[in-house]
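Values below: every heavy atom of this structure, side chains too, minus hydrogens, waters and symmetry copies. Within every chain, numbering begins at 1; the chains are lettered A, B, ... in the order of the sequence lines, protein sequences first and strands thereafter.
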Amino acid sequence: MDRYDHKAIEAKWRARWAASGIYTADIAGAAQPFYNLMMFPYPSAEGLHIGNVFAFTGVDIHGRYQAMQGNDVFEPFGYDAFGIHSENFALKQNIHPMTLIPDNIARFREQMQRLGTRIDWSREVSTTDPKFYRWTQWVFLQLFKRGLAEKRGAPVNWCPSCKTVLADEQVIAGKCERCETPITHRELEQWFLKITNYTERLLANLDWIDWPDAIKTVQRNWIGRSEGLEMTFPIEGADKSLTFFTTRPDTIFGVTYMALAPEHPLVREVTTDAQRDAVARYVEEASHKTAVDRQAMERSGVFTGAYATNPLNGERVPIWVADYVLITYGTGAIMAVPAHDERDFDFARKYGLPIKLVVAPDGRAGGELSEAYTGEGTLVSSGEFDGMTSAAASDAIVEKLEREGSGGRKVTYRLRDWLISRQRYWGTPIPIVLCETCGPQAVPEDQLPVELPYVEEFRPTGTDQSPLATYEPFVKTTCPKCGEPARRETDVCDTFLDSSWYFLRYPSTDIDDRPFDDARVKKWLPVDTYIGGKEHSVLHLLYSRFVTMALHDMGYVDFEEPYEKFRAHGVLVLEGAKISKSRGNIVNPDDYYESHGADTLRTYLMFSGRYEEGGDFSDKNIEGAARFIQRVWDLVQRHRERPAGDLPVDAERSMHRTIKKVGEDIPELKYNTAIAALMEWTNHLQKRPSLDEQEVRTLLQLVAPFAPYITEELWEQTGGSGSVHASRWPAYDPELAKLEQVPVAVQINGKVRDVIELDAGTGEPAAVAAARASEKVTRHLDGKPIARTIYVQDRLINFVTGR
RNA sequence: GCCGGGGUGGCGAAAUGGGCAAACGCAGCGGACUUAAAAUCCGCCGUCCCGCAAGGGGCUUGUGGGUUCGAUUCCCACCCCCGGCACCA
């Protein structure tokens, strides 16, 4: 049999599908809308790589299956083309992003089309299109008008290489997520979105949304809820007090010093004249250290000369400045308990501060400590709380402080507000006018979009300003409130603002006077299934939940959670390394489109392992998928040449079993085992002299989601009506899908000695009788009496003899 | 360090409300077809031992324990790999 001509067939159906609009969703009229969403890509490199193809194929199979279930599937695609990733690529190529990005997009589109997806190409979105970012700006303004966006001075993460500030979520282990340069800190006026207003809801909704537990855990950890005590110690000789947070109230009698973060406002106020120079020097040095330095270097600090009083025992404790205390967590100050905290222990050792044991490990008296004891135990040297357990003492201490009004229970979070200003060129301009008299003013909505101008010199400046700041035609404007000359905000938005709402736009891309149409949002959202990479567990997935909640509270949408069902696909690696342009290990799908065709590539990628796990890419096994696709072709060609045969009951049963298995596996994204079942069935079909019409129909339908081109061609060749992709998924008969005869293992003392064929559903007496009739069983029993018999129907029999 | 996920043949992997480990595929070996090759088809294919053979027996899911008639699956301890967080008080 000849090899099928994948190039001709794929080109033919691509054209036909485009012409017929088979994948165009009926946005207004769909009876059973199903929003099948994939994370839109950054079109930053020269094209799709094999990892993108892997991800999108899995989403598409899901969409095709849902369509064959009778749903009106909407599967849109777009480009997240603003941002540092795209701009850096433009810088490297030395081509202006306004020229380069449209080329990249065209290339991505072509490669996606060759993949044979059921994407609705009539509703593309690109975040760099003014028709799109006009509404990103609108989203920003709604947040601004409700006080959820504000410009304020704060210590921020600065990447010296990218020359911009970054959100916390974009700092990985103290380094820039894009270029791995150690982050420094700057004190700058920046725009923040108040995601922390939503902390509790972001946390609470995780309890019911249908997401993988692993992703929920990552979000919970990122939000970092922590319960404890907040209290204050009065500062000696000053009208001030020092507020701190602790999760260990039981150790409070062990406080031997206090420590402030170098950036803490009280540092200046409490430092004595004698210590002023030393403290100033230390604070100055600390400001130059990167987060990476801070951790790598030995713990350090300096005494301020001031003292605070522990109100519980009246002890006087020195106040230090130490850079292991973070200004960004809790109150930026700590009570230090060297005996029961590793960091405080090291610090006390270094500076000769007292180490006072107050929690004794249970059943042992505390002696000299060689390291901090961080566990729980029984309180000692703690006044009235002596003898209590850590847990009881914590409660008692907090209650006492609450009674006295000097402290109380408090919940603290790790999550901080989302910093969205970027001192770069390639992004959505922040739609704000800065007026010297009126302050930051929203650009009136009828003046949107604030267009990003073409600026020849788009390189980052390295100052605290975006390159737009020097482009006067953009900067000069008038205040919308007072009409006086004013300047535009020149920072641009973090790309994650673009992607925080894009899914709301897809159904309304043809509407220009509002971001999204209410009726369409009601019809299509929340998204039915969202599938994307784990790398966005915090970042995109958290930000878009926040923005959706905010829009919900403003009354724009009637749901809080944008993606009630989310599934994460695995990541493809190459020889153990992440696939990326910078590593130079890009695998281009075009080579496989040419050599084997998209159907084979899709099938191969989905067959070689679990979709939700990913794995190491290697094309070693692609021949297996190619043979399977070719076998489907050959089977159907043979069927066309020979008269249709009958359908013996065994063949019918194996068909029903396959329909059941494939139909159960696809919704769970177990594509590898679905394909295995199809391979098994085709191996059976091949042994039959001729196929029944129903078998051919069913085969093409079951293979269709995986290999859309060849099945469509064969469907037409065999006179199928309409498109195979618009046909209804075949039903199976549960009775026929069952096995008639089952192999049952016969064990003696847990060791398999024989396997006998029994009718499915055979009861214990008959099964045991059959098993005892086996020569092998008799031989192994060797006359020993059976003490016990265990029977698991249709599975096994275990004869247990006495010892 | 803490939090996730994982470790199964030569390779990619199946199978966990405990029940025949290795489905499906790759590679390999043997055979059919062919002048020959490719393609295709048929058979073998975890490992060790006994046997000329038919066949029989032992071992085997990272390591060591435990529970159980029975453990890849459950429990305890540990090792390694991948991902996330990271001086979070």
Side-chain angles (χ1 to χ4, degrees), chain A residues 1-3 172-174 212-222 224 226 228-229 244-248 251 259 261 291 294-297 299 322-326 328-337 340-344 346-347 412-414 534-535 537-538 570-571 573 576 578 604 607-610 612-625 627-628 630-631 634 670 672-681 683 686-687 742-756 776 779-780 787-801:
Chain A
M1 209 81 63
D2 293 333
R3 284 225 156 241
I172 309 296
D213 286 335
I215 308 286
K216 291 185 181 184
T217 303
V218 169
Q219 289 214 350
R220 286 195 184 101
N221 290 346
W222 183 261
S226 184
L229 163 73
F244 59 86
F245 174 79
T246 179
T247 52
R248 291 295 302 273
T251 65
R294 271 196 179 196
Q295 260 187 80
M297 293 163 79
R299 227 167 276 300
D323 66 10
Y324 75 89
V325 181
L326 308 175
T328 50
Y329 186 75
T331 64
I334 59 162
M335 65 171 208
V337 185
H340 305 294
D341 182 281
E342 284 166 22
R343 296 152 298 179
D344 300 347
D346 294 345
F347 192 86
T412 294
Y413 303 94
R414 220 188 72 92
K534 307 182 206 317
E535 67 273 21
S537 301
V538 290
V571 178
V573 297
K578 198 168 165 181
Y604 166 63
F607 177 63
S608 52
R610 260 185 265 181
E612 290 178 275
E613 280 191 4
D616 221 321
F617 176 81
S618 142
D619 60 12
K620 241 170 67 184
N621 298 342
I622 198 166
E623 290 310 325
R627 280 183 202 134
F628 167 68
Q630 181 67 39
R631 182 167 303 162
D634 292 347
K670 290 178 174 171
N672 52 341
T673 50
I675 293 168
L678 287 166
M679 286 175 167
E680 214 170 338
W681 187 39
N683 289 344
Q686 197 164 317
K687 295 190 172 84
V742 288
V744 172
V746 184
Q747 299 182 334
I748 292 168
N749 293 326
K751 279 198 189 342
V752 178
R753 296 304 182 184
D754 198 4
V755 176
I756 55 177
K776 288 180 190 171
R779 177 152 46 86
H780 280 281
R788 218 176 132 187
T789 301
I790 284 139
Y791 180 60
V792 182
Q793 198 175 67
D794 298 348
R795 288 267 178 194
L796 61 59
I797 298 164
N798 188 11
F799 293 123
V800 184
T801 65

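Pairing partner, B/C74: B/G66, with both Watson-Crick or wobble hydrogen-bond distances short of 3.5 Å. Checking B/C29 for Watson-Crick or G-U wobble geometry (two distances, each under 3.5 Å) identifies B/G43 as its partner. Pairing for B/G83 goes to B/C3, judged as Watson-Crick or G-U wobble with the two contacts each under 3.5 Å.
Checked against salt bridge (charged side-chain N to carboxylate O under 4.0 Å, His left out), A/Arg248 has the following partners two or more places apart in sequence or in another chain: A/Asp250. Remark: A/Glu612 pairs with no residue by the side-chain hydrogen bond (donor to acceptor under 3.5 Å, both in side chains) rule, at least two apart or across chains. Shown here are the salt bridge (charged side-chain N to carboxylate O under 4.0 Å, His left out) partners of A/Asp794, two or more places apart in sequence or in another chain: there are none.
Contacts of A/Lys751 with the nucleic acid, taken as non-hydrogen atoms under 4.0 Å apart, involve only primed sugar atoms and P, OP1 or OP2. Using a 4.0 Å heavy-atom criterion, one finds that A/Lys216 contacts no nucleic acid atom at all. Residue A/Val571 is classed as having no contact, given no heavy-atom separation below 4.0 Å to the nucleic acid. At a threshold of 4.0 angstrom between heavy atoms, the contacts of A/Arg220 with the nucleic acid are absent. Using a 4.0 Å heavy-atom cutoff across all strands shown, A/Phe607 reaches at least one base atom of the nucleic acid. As judged by a 4.0 angstrom heavy-atom cut-off over every strand, A/Asn683 is placed among residues touching the sugar-phosphate backbone only. Looking at heavy-atom distances under 4.0 Å, A/Ile622 makes no contact with the nucleic acid at all.
Side-chain contact check for A/Arg414 and A/Asn221: no donor-acceptor pair (N or O, by modelled atom type) lies under 3.5 Å.
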Scoring nucleotides 66-75 of chain B by protein non-hydrogen atoms under 4.0 Å (B base, S sugar-phosphate only, - none) yields ---B------

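With rounding to whole Å, A/Ile334 atom CD1 is found 11 Å from B/A89 atom P. If you measure from atom CG of A/Asp754 to atom C1' of B/C20, you get 11 Å, rounded to the nearest angstrom. Between A/Lys534 atom NZ and B/G6 atom C1' the separation is 11 Å, expressed in whole Å. Following rounding to the nearest Å, A/Arg610 (CZ) and B/U8 (C1') show an atom-to-atom distance of 11 Å. In this structure, A/Arg414 atom CZ and B/G84 atom P are separated by 14 Å, rounded to whole Å. Per the geometry, CG belonging to A/Asp323 stands 18 Å off P belonging to B/A89, to the nearest Å. In this structure, the CD atom of A/Gln219 is 13 Å from the P atom of B/C85, given to the nearest Å. In this structure, A/Tyr329 atom OH and B/C85 atom C1' are separated by 13 Å, rounded to whole Å.
Nucleotides B/A13 and B/G6 are separated by 14 Å at their P atoms, to the nearest Å. Nucleotides B/C48 and B/G9 have their C1' atoms positioned 14 Å apart, rounded to a whole Å. Spacing between B/G7 and B/G62 at atom C1', rounded to whole Å, works out to 6 Å. For the P atom pair drawn from B/U72 and B/U67, the interatomic distance equals 16 Å after rounding to whole Å. Between B/G5 and B/G12, the distance separating the two P atoms is 22 Å to the nearest Å. The same atom, P, is picked in B/G57 and in B/A77; the two are 39 Å apart, to the nearest Å. Only the P atoms considered, B/G46 is 15 Å distant from B/G25, to the nearest whole Å. Taking atom P on both nucleotides, B/C24 is separated from B/C2 by 43 Å, rounded to a whole Å.
Distance from the side chain of A/Ala173 is smallest for B/A86 among the nucleotides B/A86, B/C42, B/A27. Looking at the side chain of A/Glu680, the nearest of the listed nucleotides B/A14, B/C20, B/C24 is B/C24. Distance from the side chain of A/Arg631 is smallest for B/G25 among the nucleotides B/C42, B/G25, B/C20. Of all nucleotides listed (B/A15, B/G25, B/C88), B/A15 comes nearest to the side chain of A/Thr673. Considering only the side chain of A/Lys620, B/C11 comes nearest among B/C20, B/C11, B/A89. Comparing B/A86, B/A89, B/C41 by their nearest atom to the side chain of A/Gln686 picks out B/C41. The side chain of A/Val752 lies closest to B/A21 when the candidates are B/A89, B/A21, B/G19. Nearest to the side chain of A/Arg3, among B/A15, B/A39, B/G19, sits B/A39.
Scanning all heavy atoms of the two residues, the minimum distance from A/Gly609 to A/Asn672 falls at O-CB, 3.4 Å. Taking every heavy atom of both residues into account, A/Phe244 and A/Ile334 meet most closely at CB-CA, 4.0 Å. Pairing each heavy atom of A/Phe617 with each of A/Tyr604, the nearest pair is CE1-CE2, 3.9 Å. A/Asp344 and A/Met335 make their closest contact through OD2-O, 4.0 Å (heavy atoms, listed as atom of the first residue, atom of the second, distance). Minimum interatomic distance between A/Val325 and A/Ala259 (heavy atoms only, all atoms of both residues): CG2-CB, 3.7 Å. Of all heavy-atom pairs spanning A/Ser226 and A/Phe245, the tightest one is O-CZ, 3.7 Å.
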Collect all protein-nucleotide pairs involving nucleotides 3-5 of chain B in which both atoms are nitrogen or oxygen and the distance is under 3.5 Å.
from, atom 1, to, atom 2, distance (Å)
B/C3, O2', A/Asn221, ND2, 3.3

Which pairs, protein N/O on one side and nucleotides 54-57 of chain B N/O on the other, fall under 3.5 Å?
from, atom 1, to, atom 2, distance (Å)
B/G57, OP1, A/His780, NE2, 2.4

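Without hydrogens or angle criteria, A/Asp619 side chain to A/Ile622 main chain gives no donor-acceptor distance under 3.5 Å.
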Taking it one step at a time, do A/Arg788 and A/Asn798 satisfy side chain to side chain donor-acceptor pair (under 3.5 Å)? CA-CA 8 Å; A/Arg788 218 176 132 187; A/Asn798 188 11; over 6 Å; no

Exercise for the section: Show your working on side chain to side chain contact (heavy atoms under 4.5 Å, CB included) between A/Phe607 and A/Asn621 and close with a plain yes or no. Expected result: CA-CA 10 Å; A/Phe607 177 63; A/Asn621 298 342; over 6 Å; no

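Residues A/Val742 and A/Met297 each lie close to RNA chain B; by heavy-atom proximity, the contact nearer the 5' end of the strand is made by A/Val742. Map A/Ile172 and A/Met335 each onto its nearest nucleotide of RNA chain B; the residue landing nearer the 5' end is A/Ile172.
With its glycosidic angle more than 90° from 0, B/G46 adopts the anti conformation.
Cation-pi check for A/Arg299 over A/Tyr324 is met; the charged atom lies under 6.0 angstrom from the ring centroid and within 45 degrees of its normal.
Of the listed residues (A/Asp754, A/Ile797, A/Val755), just one forms a side chain to side chain contact (heavy atoms under 4.5 Å, CB included) with A/Val744, and that residue is A/Ile797.
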